[in-house]
Novice: 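This structure is in structure tokens; I'll ask about it shortly.
Chain A is the first sequence line, chain B the second, and so forth, proteins listed ahead of strands; every chain is numbered from 1.
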Protein chains: 2
Amino acid sequence: MGVRMDELDRKILRALQADAGQSLDEIARQVGSSKTPVWNRVRKLREAGVIGPSTVIVDPEALGLEACFFVLIRTSEHEADWQKRFLAALKARPEVQEAHRLAGEIDYILKVRVANAKAYDDFYQALISEVRVFNVTALLSMEELKASTALPV
Amino acid sequence: MGVRMDELDRKILRALQADAGQSLDEIARQVGSSKTPVWNRVRKLREAGVIGPSTVIVDPEALGLEACFFVLIRTSEHEADWQKRFLAALKARPEVQEAHRLAGEIDYILKVRVANAKAYDDFYQALISEVRVFNVTALLSMEELKASTALPV
DNA sequence: CGTGAAACTCGGAAACA
DNA sequence: TGTTTCCGAGTTTCACG
């Protein structure tokens with residue numbers, strides 16, 4: 001996907017990532033342009049899929065989600081069918097915030113956000129009952145030092 | 001932080017996380033209420049810090065950020081001063097999207113998004129020149145199976 | 001391709017039930 | 001607390017320079 005983007009586009013992206021609730025006038029002022037050109041570019045970027053949906057950042061603690069685990073998974077199974085079931089299991093579980101297939105020793109990493117250790121264990125038991133995994137290591141986060149949704153543009 | 005939240009609040013949060021660009025009327029329709037009550041609750045949730053700033057989801061690939069690493073860090077240093085410098089280094093680098101202090105063998109995990117392997121190495125070299133670390137393992141993501149900013153509510 | 005203005009929509013507040 | 005109403009502000013479109 002090769003999208004042509006100039007410096008103005010990048011400035012707009014930065015402004016939107018910082019706060020998507022700003023008015024067009026406000027953004028235009030920040031990036032040194034004016035309303036209509038900014039709006040046209042935002043529309044283009046949306047159509048090109050560079051800008052996706054907008055969301056709100058929600059505080060996990062306020063929802064009682066006080067535990068965050070990174071789960072390192074090794075498996076001995078690499079057939080297409082197994083992968084399909086594994087993927088389906090991950091997608092079905094909202095506590096799985098991220099899932100990556102990795103290169104190297106460890107096959108997958110998950111980021112799982114739950115209320116407490118018990119809730120993680122429930123998740124873990126449910127997962128291994130659905131798909132066979134060879135080895136699972138859970139890393140418990142003690143403190144979220146940095147969390148940024150913004151990409152460096 | 002104990003915020004009282006009923007089912008309606010949760011429905012509103014779900015709607016906002018799915019798409020923060022919706023109008024109040026639209027959200028009200030979805031959650032089975034009407035404009036003013038929804039707006040009052042959104043305001044309360046914002047004031048309580050449950051709802052933070054709104055952002056847009058940007059496609060990393062479109063920006064040329066094609067590599068994602070999870071970095072496992074062990075250190076032998078645990079003094080306050082070291083931690084402070086380490087934290088400052090992480091905060092200063094936009095390619096670090098997440099940083100957690102962990103319980104157990106591994107002390108920290110980072111999620112780092114960069115253009116390519118070379119860019120990761122630049123980051124790595126810069127980091128270890130700023131702060132001493134005992135051991136670093138980088139896990140390279142081959143495929144992002146799931147990425148969700150929405151918390152289960 | 002940027003400017004300025006038009007029309008329409010939405011957010012936010014106030015008054016009422 | 002929810003409903004109705006209202007206005008200023010913001011979004012989106014368009015005709016023009």
Novice: Count the heavy atoms belonging to other residues, nucleotides or ligands that lie under 6.0 Å from NZ of A:Lys146, then report whether that count exceeds 12.
Specialist: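 More than 12 heavy atoms, drawn from other residues, nucleotides or ligands, come within 6.0 Å of this atom.
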
Novice: So which nucleotide from C:dG12, C:dA14, C:dC10 ends up closest to the side chain of B:Thr36?
Specialist: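 Closest nucleotide among those given: C:dA14.
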
Novice: Give the rounded distance in Å between these two atoms: CG of A:Leu24 and P of C:dG4.
Specialist: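 Checked: the CG to P distance equals 16 Å.
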
Novice: Starting at NZ of B:Lys44 and ending at P of C:dG12, how long is that distance when rounded to a whole Å?
Specialist: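 Rounded to whole Å, this separation is 16 Å.
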
Novice: Under 4.0 Å, heavy atoms only, any strand: does A:Ser33 hit a base, just the sugar-phosphate, or nothing?
Specialist: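 Contact class for A:Ser33: none.
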
Novice: For B:Glu105, is the CD atom crowded, meaning more than 12 foreign heavy atoms sit under 6.0 Å from it?
Specialist: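 Atom CD in B:Glu105 is not crowded, with 12 or fewer foreign heavy atoms closer than 6.0 Å.
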
Novice: Without decimals, in angstroms, what is the distance between B:Arg46 CZ and C:dG12 C1'?
Specialist: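 Between C1' of C:dG12 and CZ of B:Arg46: 11 Å.
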
Novice: Side chain of B:Pro37 only, please: which of C:dG12, D:dG2, C:dT3 is the nearest?
Specialist: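 The answer is D:dG2.
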
Novice: From NZ of B:Lys35 over to P of C:dG11, roughly how many Å is that when rounded to an integer?
Specialist: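 Those two atoms, NZ and P, are 7 Å apart.
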
Novice: Taking the side chain of B:Trp39 as its heavy atoms from C-beta onward, which of D:dT3, C:dA13, C:dG11 lies nearest to it?
Specialist: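 When the side chain of B:Trp39 is considered, C:dA13 is the closest of D:dT3, C:dA13, C:dG11.
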
Novice: Step through the shown structure and confirm whether more than 12 heavy atoms of other residues, nucleotides or ligands are within 6.0 Å of CD on B:Gln125.
Specialist: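 Yes - once you tally the heavy atoms of other residues, nucleotides and ligands closer than 6.0 Å, there are more than 12.
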
Novice: Rounded to the nearest angstrom, tell me the gap between atom CD1 in A:Ile12 and atom C1' in C:dG2.
Specialist: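 To the nearest whole Å, that distance equals 13 Å.
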
Novice: With respect to the phosphate group of C:dT3, does any side-chain polar atom (N or O) of A:Ser34 fall under 4.0 Å of OP1 or OP2?
Specialist: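 For A:Ser34, the contact criterion (side-chain N or O under 4.0 Å from OP1 or OP2 of C:dT3) is met.
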
Novice: Want to settle it: does A:Arg43 or B:Asn40 sit nearer the 5' end of DNA chain D, counting the closest nucleotide to each?
Specialist: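 Its nearest nucleotide lies further toward 5', so the answer is B:Asn40.
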
Novice: Under a 4.0 Å N-O cut-off, is there an ion pair linking A:Glu26 with A:Arg29?
Specialist: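 The answer is yes: the pair qualifies as a salt bridge.
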
Novice: Nearest whole angstrom, please: distance from the P of C:dG12 to the CG of B:Asp25.
Specialist: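 So the CG-P distance, B:Asp25 to C:dG12, works out to 13 Å.
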
Novice: Give one of base, sugar-phosphate or nothing for B:Glu26, where a contact means two heavy atoms less than 4.0 Å apart.
Specialist: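 No contact at all - B:Glu26 keeps every heavy atom at 4.0 Å or more from the nucleic acid.
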
Novice: Rounding to a whole Å, what distance do you find between B:Ile27:CD1 and C:dT9:P?
Specialist: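 Computing the B:Ile27:CD1 to C:dT9:P distance gives 18 Å.
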
Novice: Using only atom types and a distance under 3.5 Å, with no angle test, would you say the side chain of B:Gln22 pairs donor to acceptor with the backbone of B:Ala15?
Specialist: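 Yes, because the side chain of B:Gln22 sits within donor-acceptor range (under 3.5 Å) of the backbone of B:Ala15.
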
Novice: How close or far is atom C1' of D:dT11 from atom CD of A:Gln22, stated in whole angstroms?
Specialist: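 The distance from CD of A:Gln22 to C1' of D:dT11 comes to 15 Å, rounded to the nearest Å.
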
